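Everything on this sheet refers to the single structure shown next.
What you see below is based on every heavy atom in this structure, not just the backbone, and it leaves out hydrogens, waters and symmetry mates. Just so we're clear, the structure is a prediction, and the values are computed from it rather than from any experiment.
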Amino acid sequence: HAFGRRVAGLGAMGVVLALVLVVQSGRVGGLSARVRGLFVAHTRTGNPLVDSVAEHQATQSTVYWQYFHFTMFTAPAGAVLCAATARTEARIFLAAYLLVAGYF
């Protein structure tokens with residue numbers, strides 16, 4: 001029992017030492033700005049996840065047209081065709097997925 005603890009302790013120390021050596025050698029960088037942001041005080045809510053999401057703004061409708069112009073017309077037609085023809089479980093799932101994805 002004591003031997004197992006000693007082996008686990010030495011193994012943990014070896015892993016920490018290896019991490020320190022790799023970071024010090026410059027092969028792996030430090031913490032990213034996103035990870036460091038988890039440790040600073042957050043002013044709005046105190047929750048870093050809520051604060052990061054609150055910074056986002058709604059997408060403009062022109063962006064949807066810019067990226068999905070042709071798909072915006074063909075995807076609903078494809079969903080209807082999937083649901084209307086040869087109703088298999090796979091086609092019904094695909095039609096339901098397309099409708100739910102389009103809504104959100």
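Other members of the hydrophobic cluster containing F73, listed by chain and number, are V63, Y64, W65, Y67, F68, M72; membership follows side-chain contacts under 4.5 Å among ILVMFWY residues, whether direct or relayed. Cluster partners of L17, by chain and number: L21. The rule joins Ile, Leu, Val, Met, Phe, Trp and Tyr whenever side-chain heavy atoms lie under 4.5 Å apart. Under a 4.5 Å side-chain heavy-atom criterion applied to ILVMFWY residues, the cluster that includes V7 comprises F3 as well.
The side-chain contact (heavy atoms from CB on, under 4.5 Å) test applied to V15 returns L19, not counting sequence neighbours. With sequence neighbours excluded, no residue forms a ring pair (Phe, Tyr, Trp, His ring centres under 6.0 Å) with F70.
Residue-environment remark: CD (Q66) exceeds the threshold of 12 foreign heavy atoms within 6.0 Å.
Each side chain to side chain donor-acceptor pair (under 3.5 Å) pair with one or both residues in residues 68-91, not counting sequence neighbours, appears once here: T85-R91.
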Side-chain donor-acceptor contacts of residues 92-100 below 3.5 Å, not counting sequence neighbours, with atom names and distances?
none

